[in-house]
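Below is one structure; the comments refer to it alone.
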Amino acid sequence: MSETINPQAKDLEFRPPDDFVKNANINDSDVYKKANEDFEAFWEEQAEEIEWFEKWNNVLEWEPPHAKWFVGGKLNASYNCLDANVRKNGDKIAIIWEGENGEIRKYTYKELLVETSRFANVLKELGVKKGDIVTIYLPMIPEIVIAMLACARIGAPHSVVFAAFSGESLCTRISDAESDLVITCDGYYRRGKIVEQKKKVDCGLDSCSAVQKVVVVKHLDNDINMRAGRDIWWHDLMEASGPVCEPEAMNSEDMLFLMYTSGTTGKPKGIVHTTGGYMVGTHITAKWIFDLKDDDIYWCTADCGWITGHSYIVYGPLSNGATIVMYEGAPDYPEKDRFWDIVEKHKATILYTAPTAIRSFMKWGDTWPAKHDLSTLRLLGSVGEPINPGAWIWYHENIGKGRCPIVDTWWQTETGMVLISPLPGITTSKPGSATLPFPGIKAAVLDDNGNEMPPGEDGLLAITRPWPSMVRTIHGNEKRFIETYWEKWDKNTYFAGDGAKLDDDGYFHISGRVDDVIQVAGHRIGTAEVESILVSYPSVAEAGVVGKSDEIKGEVIYAYVILKSGISGDDKLKKELIEHVSSNIGPFARPKRIIFSDELPKTRSGKIMRRVLKAIANGKDTGDVTTLQDPEVVDELKKKTLEEE
Ligand code: WTA
């Protein structure tokens with residue numbers, strides 16, 4: 001980002017409006033003190049807010065770094081999202097879905113329960129058993145929610161793979177999860193064009209022979225291949241299936257889902273979330289941070305393919321009985337006011353989106369939102385990357401009309417729920433700060449040795465107490481789980497991988513990743529993943545990939561590439577390499593620049609120093625480079641980078 005601190009915004013503070021405070025779900029700041037005094041008692045009280053088939057014996061068993069929450073308790077996530085709400089008011093709208101082409105579908109809670117139960121029966125018919133991992137590869141259509149909840153209903157953990165991933169990326173995740181059933185669709189719309197989803201599946205599955213069945217939603221009716229014996233239409237299965245399915249009583253610590261995310265190596269990590277703690281954590285954070293009320297129309301613009309969609313489209317809001325908006329397509333289709341059109345049309349009261357989207361809206365200009373009646377909005381949220389004060393203020397003024405509190409929510413795939421955020425009826429917010437840990441959560445800013453940093457000084461973000469929805473392990477790789485998160489300091493202290501500092505009020509200011517993860521438009525991408533795809537291209541010898549600050553996307557990908565001898569780099573090859581990454585990972589991982597070079601900054605032992613490359617890409621001081629094999633390479637790369645701009 002070009003702007004880290006906006007001088008005018010630096011001292012700005014926004015107190016929540018009086019009438020918001022008066023009506024807020026939580027408006028007594030004593031909640032922080034109480035939760036801090038006895039965090040287990042606090043979480044136990046919150047656990048009473050959801051429904052259990054059997055109560056727990058123990059709130060927490062903590063053998064660092066392994067936590068078990070609500071041990072002995074039995075519950076079902078889909079029961080909490082559906083049956084519990086049908087009992088209160090089955091005719092309430094659960095989902096308002098809008099397709100990119102303008103089609104609208106609505107589901108009441110009763111209808112969603114029937115559809116989910118039908119599909120749960122389908123899964124059983126197909127031989128899926130409790131504990132089997134089911135892969136879901138669907139775009140933002142209602143069937144993605146139905147499929148997730150159906151898995152939860154029968155105790156089969158889901159692994160949702162973001163629809164824009166390539167077939168190869170899908171295959172990597174299927175193989176790691178040892179999943180033999182995939183749920184997908186024929187195609188979907190993106191900016192008016194058809195994305196041929198089933199074709200991507202067919203390509204991916206060529207190298208994934210374990211997959212037995214592919215269930216295909218007919219969404220667009222585009223021409224596809226159905227392989228006999230493997231591929232089955234969703235609607236055929238649903239027609240033949242019964243509308244009632246008893247929810248499985250799951251142990252609190254049974255796996256609810258796997259969510260793959262990027263880390264510092266090429267292989268994505270399967271983050272394991274379990275049932276009880278995750279449901280308690282997402283339920284209560286959704287209720288308090290988004291201040292969910294019975295008449296709210298809540299729109300989270302994330303995709304169910306990422307953790308934000310899991311926690312704050314599906315499990316958190318639905319377990320609160322909220323009416324959610326889901327939108328299939330792009331924010332600028334057919335025009336740049338699509339979001340504001342949706343807010344106006346469906347009378348959204350809460351909007352939760354990403355800084356990268358907000359910065360695009362800023363660039364497109366104030367006139368787009370100004371054309372629409374946004375007066376129903378009462379609360380705004382931000383997630384996915386740091387929000388710079390300029391974007392915060394624009395959001396506050398142009399979308400919130402100075403009236404709506406903004407919750408800047410910090411969290412991760414691994415944390416499952418928001419850990420640092422304002423409570424909109426309590427917290428005075430400051431643009432650019434996610435403010436304070438949620439009640440019961442304890443966080444700190446530490447140096448490499450685990451000492452607390454004084455206010456104003458940069459350090460590393462740590463979570464210093466267990467929380468209910470924390471990652472339990474990395475699927476099939478317990479060693480990596482411990483090394484990645486629990487060995488930076490000690491086994492009681494979670495290393496988030498983000499840089500942070502405190503201000504004089506104890507507010508957290510989070511600056512972004514300090515490891516080899518890049519957040520491109522809020523999408524989490526590992527540098528090593530992109531590098532390994534680049535070096536798989538025949539003419540590439542080596543590649544070093546780093547994030548470069550970008551005004552809109554937060555970060556973009558710069559790839560420094562050494563070609564095999566005898567091959568010279570030209571624009572055509574650059575295009576081919578960009579295309580190669582796009583088709584092997586997904587279009588969102590496209591490098592912005594490919595820079596050919598004869599050498600990369602390496603240590604004497606031959607390791608690429610991404611820190612130095614990153615400084616070069618960002619036009620920053622590279623610091624001490626005397627330990628490099630060949631310090632002269634730095635100037636050469638600086639020159640080449642400038643030539644590319
Ligand atoms: C970044 C997304 C600053 C951070 C929910 C984190 C943020 C990574 C914020 C996790 C925020 C998310 N302020 N940075 N409010 N929210 N991040 O796993 O770098 O896709 O580590 O989860 O996003 O990305 P993930």
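Atoms within a ligand are numbered from 1 in the order they appear, just like the ligands themselves.
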query = What is the ring orientation for Tyr315 with Phe257, classed by angle as parallel under 30°, tilted 30 to 60°, or perpendicular over 60°?
reply = parallel
If we number the atoms of ligand 1 from 1 as shown, the ones under 4.0 Å from a heavy atom of Thr409 are 9 (C), 11 (C), 15 (N), 16 (N)
Hits for side-chain contact (heavy atoms from CB on, under 4.5 Å) against Cys300, two or more places apart or cross-chain, chain-then-number order -> Tyr298, Ala302, Thr308, Ile313, Tyr352
Ranked by distance from atom 25 (P) of ligand 1, the top protein heavy atom is Thr413 OG1, 3.5 Å
Note: Ile307, heavy atoms under 4.0 Å from ligand 1, region reported as side chain
- Can a cation-pi geometry be assigned to Arg173 and Phe165, taking NZ or CZ under 6.0 Å from the six-membered ring centre and within 45° of the ring axis? yes
Note: Ala434, heavy atoms under 4.0 Å from ligand 1, region reported as neither
Item to check | N or O contact, Asp498 vs ligand 1, cut-off under 3.5 Å | outcome: yes
Under 4.0 Å from one or more heavy atoms of Val383, ligand 1 contributes atoms 5 (C)
- Message: Check for me whether Trp306 has a heavy atom closer than 4.0 Å to any atom of ligand 1.
- Response: no
Q: Output yes when the distance from some N or O of ligand 1 to some N or O of Thr261 is under 3.5 Å, and no in every other case.
A: no
If you measure every N/O of Thr308 against every N/O of ligand 1, is any gap under 3.5 Å? no
Exercise. Between Glu397 (side chain) and Trp394 (backbone), is there a donor-acceptor pair under 3.5 Å?
Worked result: no
Point to revise | Glu531 (side chain) donor-acceptor with Val545 (main chain) under 3.5 angstrom | key: yes
*Can you say whether the rings of Tyr312 and Trp411 are parallel (under 30°), tilted (30 to 60°) or perpendicular (over 60°)?*
perpendicular
With sequence neighbours left out, the residues meeting ring-ring contact (aromatic ring centres under 6.0 Å, His included) with Trp299 are Phe339
Look only at the side chain of Asp515 and the backbone of Val517, and say whether a donor-acceptor pair between them is shorter than 3.5 Å. yes
Of all protein heavy atoms, the one nearest atom 10 (C) of ligand 1 is Trp411 O, 3.7 Å
Tightest non-hydrogen contact, residues Pro422 and Val407, listed as O-CG1, 3.7 Å
Atom 3 (C) of ligand 1 has as its nearest protein heavy atom Pro386 N, 3.2 Å
Closest to atom 16 (N) of ligand 1 (heavy atoms only, candidates Gly512, Gly384, Gly554) is Gly384
Return a yes/no value for Arg513: is any of its N or O atoms, backbone included, closer than 3.5 angstrom to an N or O of ligand 1?
-> yes
Any heavy atom of Val517 under 4.0 Å from ligand 1? The part involved is neither
Looking only at non-hydrogen atoms, the one of His523, Gln519, Glu385 nearest atom 24 (O) of ligand 1 is Gln519
Would you check if the side chain of Asn320 reaches a backbone N or O of Leu292 as a donor-acceptor pair within less than 3.5 Å? no
